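All figures in this text were calculated on a predicted structure; none of them were measured in a lab.
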Amino acid sequence: MGDGTIKDYSPQNNVIVELERIKKAYDREILKIDKLELRKGQIYGIIGPSGAGKSTLLRIINLLTPPSTGNYYFHGETVAINNRDIISIQRKMGMVFQKTILFSDSVWNNIAYGLKARGYSRDETNGRVAKLIDWLGLRDLAKRRAETLSGGEAQRVAIARAVAFDPELLLLDEPTANLDPFNIELIENMIATLNREKSITVVIVTHNVFQARRIADQVIFIDQGAIVEMGSTEKIFSEPDHEKTRLYVEGKVIS
Ligand SMILES: Nc1ncnc2c1ncn2[C@@H]1O[C@H](COP(=O)(O)OP(=O)(O)OP(=O)(O)O)[C@@H](O)[C@H]1O
Ligand SMILES: [Mg+2]
C-alpha cells in the first residue's frame, strides 16, 4: 500500500473513497472487496446477514481497522494505511458505532468534543453545539450526563457529535437498532436532511431492509464477506441481478 499512485482526481469524478482488492483476515478471511467507490452526495445502505462483514467494512472505510491487503484511495490519492497521516483523513469522517459510545460527560461536551479536537474556536464550537442541540430536540438535556440518557437520546447525541464538524462522510453502524418508531423516524429524517442540506455522503449499515429502501440511494448487499450486488435502491429491490439478493430483500433466510 502507499505506492504513490494518483488516480483520476477530476472534480466530476466525485469519488470520495475507493477500495480496491481489499481483504481482511483474522484467523480466517472475513472480507474480500474487489472494488467499492463512494461518491459525493449519495446515501449508501449496506445490508446483509449477521456476521457478513458489514461493521468490518465500515471500520475499514473509517481507517480504524487496517485491511490485510489492498488499496485505499481518498479523493483519488492512495493512503498509506499504517501512516500517521490517516488522522487527517479520519477527521473528515464522522462515525457512529453499533454500540453507542459516549464520553462520561455532559451532552453538550460530548457534542463539542470533535470540534475542540479539530481546533474550532470556542465561539464557533458553542454556536454549532447550540444549533445541533436545538435541531435534535435535546435542549432540556444539554447539561445531563451522557450515561443517564435513554437509548434514543444517546443515539441522537452520538449522531450530533459525528456531524458537528460537517464531515464529508458520515458512517453509521445500525444507528436505529433497538429504537422505537419515533426515534427511528427522527434519526432517518436527520440523516436525509444532513445529506440534502450539507451534501454529506452517508454510509449506513442496517439490518432493516425497509430502512435501506426508505433512505438509501444505493444499496450494497454483502454476504459472507463479499459484495454480492450493489446498485440503485430501486434496482436492488425491484429487479436484482442475483437470486440471493432477491431472497434477502424479500426477508427470506439465505444460506
Ligand atoms: N477482531 C476480530 N477478530 C476475529 N474475528 C473478527 C473480528 N472482528 C470481526 N470478526 C469476525 O468477522 C466476521 C464479520 O464481523 P462483522 O462484525 O463485520 O459482521 P457484521 O456484518 O457487522 O455482523 P452484525 O450484523 O452481527 O453486526 C464475524 O464472523 C466476526 O466474528
Ligand atoms: Mg455489525
Worksheet entry | Heavy atoms of other groups near N208 CG, more than 12 under 6.0 Å | yes
Discussion item. Does F103 have more than 12 heavy atoms from other residues, nucleotides or ligands lying within 6.0 Å of its CZ?
Written reply: yes
Practice prompt. Decide yes or no on side-chain hydrogen bond (donor to acceptor under 3.5 Å, both in side chains) for N183 and D180, but give the supporting numbers first.
Written response: CA-CA 6 Å; N183 274 290; D180 66 329; 2.9 Å; yes
Discussion item. Quick one, V129 with N109, criterion side chain to side chain contact (heavy atoms under 4.5 Å, CB included). Give me CA distance, side-chain angles, the key distance, then yes/no.
Written reply: CA-CA 9 Å; V129 175; N109 285 343; over 6 Å; no
Item to complete: Could you tell me the separation between the CD1 atom of I227 and the NE2 atom of H242, rounded to the nearest 0.5 Å?
Response: 11.0 Å
Discussion item. Any carboxylate oxygen within less than 4.0 angstrom of a Lys/Arg side-chain nitrogen, looking at R21 and D34?
Written reply: no
Worksheet item: For the ring pair Y120 and F165, is the centre-to-centre distance below 6.0 Å?
Response: no
Item to complete: Would you mind reporting whether L64 and F97 have side-chain heavy atoms less than 4.5 Å apart?
Response: yes
Worksheet item: Of the non-hydrogen atoms in T245 and E229, which two are nearest, and what is the gap between them?
Response: OG1-OE1, 2.8 Å
Fill in: Derivation and outcome, side chain to side chain contact (heavy atoms under 4.5 Å, CB included), residues K23 and E29
CA-CA 7 Å; K23 286 186 186 172; E29 186 174 288; 3.4 Å; yes
Worksheet item: After noting the C-alpha distance and the side-chain angles of Y73 and V79, does the key distance pass the side chain to side chain contact (heavy atoms under 4.5 Å, CB included) rule?
Response: CA-CA 6 Å; Y73 301 92; V79 175; over 6 Å; no
Practice prompt. From the options I204, T201, L171, select the one residue that forms a side chain to side chain contact (heavy atoms under 4.5 Å, CB included) with Y44.
Written response: T201
Worksheet, complete the sentence: In terms of heavy-atom contacts, K54 and I47 come closest through CD-C, 3.8 Å
Fill in: Separation of I33 CD1 from I22 CD1 (nearest 0.5 Å)
8.5 Å
Discussion item. If hydrophobic clusters are built from ILVMFWY residues whose side chains come within less than 4.5 Å, do I215 and W135 share one?
Written reply: yes
Worksheet item: Does the pair E243/R246 count as a salt bridge with the N-to-O cut at 4.0 Å?
Response: yes
Fill in: Min side-chain heavy-atom separation S50-H207 under 4.5 Å
yes
Practice prompt. Give a yes or no on whether a salt bridge exists between R122 and E124, defined as a side-chain N under 4.0 angstrom from a carboxylate O.
Written response: no
Practice prompt. Would you sort out whether T206 and Q211 count as a side-chain hydrogen bond (donor to acceptor under 3.5 Å, both in side chains), showing the intermediate values?
Written response: CA-CA 7 Å; T206 178; Q211 178 166 64; 2.8 Å; yes
Response to the item:
For I61 and M93 the tightest heavy-atom approach is O-CE, 3.4 Å
Worksheet item: Going by atom types alone, do N110 and R161 pair a side-chain donor with an acceptor below 3.5 Å?
Response: yes
Practice prompt. Working to the nearest 0.5 Å, report the span between CD1 of I16 and CD of E37.
Written response: 11.5 Å
Worksheet entry | Flag, side chain of T176 to backbone of L179, donor-acceptor distance under 3.5 Å | no
Worksheet item: Would K235 and D241 pass as an ion pair if we require N to O under 4.0 Å?
Response: yes
Discussion item. Can you confirm whether Q98 sits close enough to L58 that some side-chain heavy atom of one is under 4.5 Å from a side-chain heavy atom of the other?
Written reply: no
Worksheet entry | Carboxylate-amine/guanidinium proximity below 4.0 Å for E18 and K35 | yes
Worksheet item: Does S68 reach the side chain of K24, with side-chain heavy atoms less than 4.5 Å apart?
Response: yes
Worksheet, complete the sentence: When every non-hydrogen atom of Q90 is compared with those of L63, the smallest separation belongs to NE2-O, 3.1 Å
Fill in: same_hphob_cluster(L170, L38) at 4.5 Å side-chain heavy-atom cutoff
no
Fill in: Stepwise side chain to side chain contact (heavy atoms under 4.5 Å, CB included) check, V219 with M230
CA-CA 6 Å; V219 172; M230 172 171 173; over 6 Å; no
Worksheet item: Side-chain contact, heavy-atom cut-off 4.5 Å: S232 with E234?
Response: yes
Worksheet entry | 4.5 Å side-chain heavy-atom contact, L136 and M190 | yes
Discussion item. Checking the side chain of N195 only, and the main-chain atoms of I200 only, is there a donor and an acceptor separated by less than 3.5 Å?
Written reply: yes
Practice prompt. Check the angle between the aromatic planes of Y248 and F221 and answer parallel, tilted or perpendicular using the 30° and 60° thresholds.
Written response: parallel
Fill in: N/O donor-acceptor pair under 3.5 Å between D173 side chain and S55 backbone
no
Worksheet item: Quick one: CD1 on I184 to CD on Q155, what's the gap to the nearest 0.5 Å?
Response: 11.0 Å
Discussion item. Side-chain heavy atoms nearer than 4.5 Å, only ILVMFWY residues, links allowed to pass through others: does that put W108 and V163 together?
Written reply: yes
Worksheet item: With the 4.5 Å side-chain cut-off for hydrophobic clustering, are V96 and I187 part of the same group?
Response: yes
Worksheet item: Same hydrophobic cluster for L172 and V205, using side-chain heavy-atom links shorter than 4.5 Å among ILVMFWY?
Response: no
Item to complete: Quick one: pull up CG in L247 and CG in D223 and give me the separation to the nearest 0.5 Å.
Response: 11.0 Å
Discussion item. Taking the side chain as everything from C-beta on, heavy atoms only, tell me whether V107 gets closer than 4.5 Å to L149.
Written reply: yes
Discussion item. So, taking the atom named CD in E168 and the one named CZ in R91, what distance separates them when rounded to the nearest 0.5 Å?
Written reply: 15.0 Å
Worksheet item: Just wondering, are more than 12 heavy atoms of other shown residues or ligands nearer than 6.0 Å to CZ in R139?
Response: no
Discussion item. Counting neighbours of NZ on K32 that are heavy atoms of other residues, nucleotides or ligands and sit closer than 6.0 Å, is the number greater than 12?
Written reply: no
Fill in: Salt bridge present between D166 and R128 (N-O < 4.0 angstrom)
yes
Fill in: T65 side chain vs I60 backbone, donor-acceptor pair below 3.5 Å
no
Practice prompt. Could you tell me which non-hydrogen atom of A160 sits nearest to which non-hydrogen atom of L132, and how far apart they are?
Written response: O-CD1, 3.6 Å
Worksheet item: Short question: side chain of E77, backbone of F74 - any donor-acceptor pair under 3.5 Å?
Response: no
Item to complete: Considering non-hydrogen atoms only, spot the tightest contact between G45 and A216 and give its length.
Response: N-CB, 3.6 Å
Discussion item. Within the 4.5 Å heavy-atom criterion, are S104 and R145 side-chain neighbours or not?
Written reply: yes
